Amino acid sequence: GAGVSQSPSNKVTEKGKDVELRCDPISGHTALYWYRQSLGQGLEFLIYFQGNSAPDKSGLPSDRFSAERTGGSVSTLTIQRTQQEDSAVYLCASSTRTGGTLYEQYFGPGTRLTVT
Amino acid sequence: GEDVEQSLFLSVREGDSSVINCTYTDSSSTYLYWYKQEPGAGLQLLTYIFSNMDMKQDQRLTVLLNKKDKHLSLRIADTQTGDSAIYFCAESYTGRRALTFGSGTRLQVQP
């Protein structure tokens with residue numbers, strides 16, 4: 001079956017421009033997550049969706065970052081007025097309950113964002 | 001707050017065992033995970049262990065959990081060149097669905 005897909009795979013943008021990153025979760029997965037992986041660093045949580053609502057936005061680094069999810073499926077992460085420090089790989093994951101409190105997260109291939 | 005730490009690099013020879021270590025600080029962790037990231041690929045869940053377990057074995061992989069020391073390890077038996085990748089440990093706990101990741105250990109397997 002299809003896994004998590006993300007688009008575009010690579011995005012180069014000029015400082016100050018807005019970008020939109022898209023995530024298509026695994027069909028039927030109700031939870032969706034965005035993480036960021038900066039060069040030489042681990043993965044940093046950004047935001048979590050359950051259905052179309054976002055009960056945990058604690059990882060969004062500034063108000064330039066926002067995300068939405070529609071129809072309980074596709075999600076878009078928007079970065080406004082991009083800065084060079086936004087350059088990173090943005091990873092999306094989806095999950096469903098597999099037992100008890102275990103939610104196995106399945107990751108997409110990521111979008112590499114470069115801000116010049 | 002929570003923190004997960006790993007050593008950055010490990011080099012082994014093909015056929016040897018690899019042991020990748022991780023320490024965490026959050027005593028309320030419920031599950032601990034090992035993910036593998038190959039170049040240009042997304043994260044692949046390798047295995048996980050529930051916090052009330054001490055050990056889990058899955059083919060060539062053995063996970064050991066020392067709750068007292070908050071130490072997690074991943075042992076890969078008979079390491080192959082295809083095991084070369086970055087390995088991340090991660091934790092989750094009740095009430096927070098997001099995973100907290102370590103910075104990753106790069107495993108290099110030499111032929």
Side-chain angles (χ1 to χ4, degrees), chain A residues 2-7 9-10 21 23-26 29-51 53-60 67 88-112, chain B residues 1-9 20-26 28-53 56 58 63 65 72 85-107:
Chain A
V4 177
S5 61
Q6 293 185 245
S7 60
S9 54
N10 278 286
L21 312 180
C23 172
D24 245 300
I26 292 172
H29 279 194
T30 56
L32 185 147
Y33 312 77
W34 284 98
Y35 294 86
R36 177 169 74 172
Q37 185 176 20
S38 303
L39 185 63
Q41 298 194 17
L43 283 89
E44 172 190 16
F45 166 74
L46 298 177
I47 187 169
Y48 150 60
F49 286 92
Q50 179 61 43
S53 63
D56 189 350
K57 308 178 186 178
S58 61
L60 294 177
V89 176
Y90 289 81
L91 292 164
C92 176
S94 69
S95 75
T96 189
R97 184 193 294 266
T98 52
T101 55
L102 173 64
Y103 294 84
E104 293 187 38
Q105 294 189 21
Y106 295 84
F107 282 80
T111 294
R112 181 176 297 278
Chain B
E2 64 275 7
D3 195 17
V4 180
E5 295 189 356
Q6 303 178 239
S7 53
L8 291 180
F9 185 76
I20 302 171
N21 295 300
C22 171
T23 57
Y24 60 98
T25 57
D26 197 323
S28 61
S29 297
T30 52
Y31 283 95
L32 294 131
Y33 309 79
W34 284 104
Y35 279 84
K36 176 182 180 182
Q37 187 178 40
E38 295 180 270
L43 285 151
Q44 174 194 357
L45 177 64
L46 283 180
T47 188
Y48 60 87
I49 187 168
F50 189 48
S51 59
N52 69 352
M53 297 169 63
K56 180 178 180 181
D58 185 359
V63 179
L65 176 59
L72 180 73
I86 301 175
Y87 290 81
F88 291 91
C89 67
E91 62 173 354
S92 65
Y93 54 89
T94 302
R96 188 160 196 256
R97 293 277 293 273
L99 297 177
T100 302
F101 284 87
S103 55
T105 299
R106 181 178 295 277
L107 174 65

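Predicted model, so just to flag it, every value in this text is computed and none were measured. Below, read A as the first sequence line, B as the second, and so on, with proteins coming before strands; counting in each chain starts at 1.
A/F45 and B/A98 make their closest contact through CD1-CB, 3.3 Å (heavy atoms, listed as atom of the first residue, atom of the second, distance). Here the closest heavy-atom approach between residue A/L43 and residue B/F88 is recorded as CD1-CE2, 3.7 Å.
In this structure a side-chain-to-backbone donor-acceptor pair under 3.5 Å is present from A/Y35 to B/L99.
Contact of B/L45 with chain A is made through the side chain alone, with heavy-atom distances under 4.5 Å. The part of A/L91 that comes within reach of chain B is its side chain, from C-beta onward, which places non-hydrogen atoms under 4.5 angstrom from that chain. Contact of A/Q6 with chain B is not made at all, since no heavy-atom distance falls under 4.5 Å. Contacts between A/S9 and chain B at a heavy-atom distance below 4.5 Å are absent for every atom of the residue. Looking at B/Q37, only its side chain comes within 4.5 Å of chain A, counting heavy atoms on both sides.
Taking OH from B/Y31 and CD from A/E104, the interatomic distance works out to 9.5 Å, rounded to the nearest 0.5 Å. Note that CD of A/Q105 and OH of B/Y33 are 7.0 Å apart. Values are rounded to the nearest 0.5 Å.
Partners of A/Q50 according to the side chain to side chain contact (heavy atoms under 4.5 Å, CB included) rule, which considers only residues two or more places apart in sequence or in another chain, are A/T30, A/A31, A/Y48, A/P55, B/R97.
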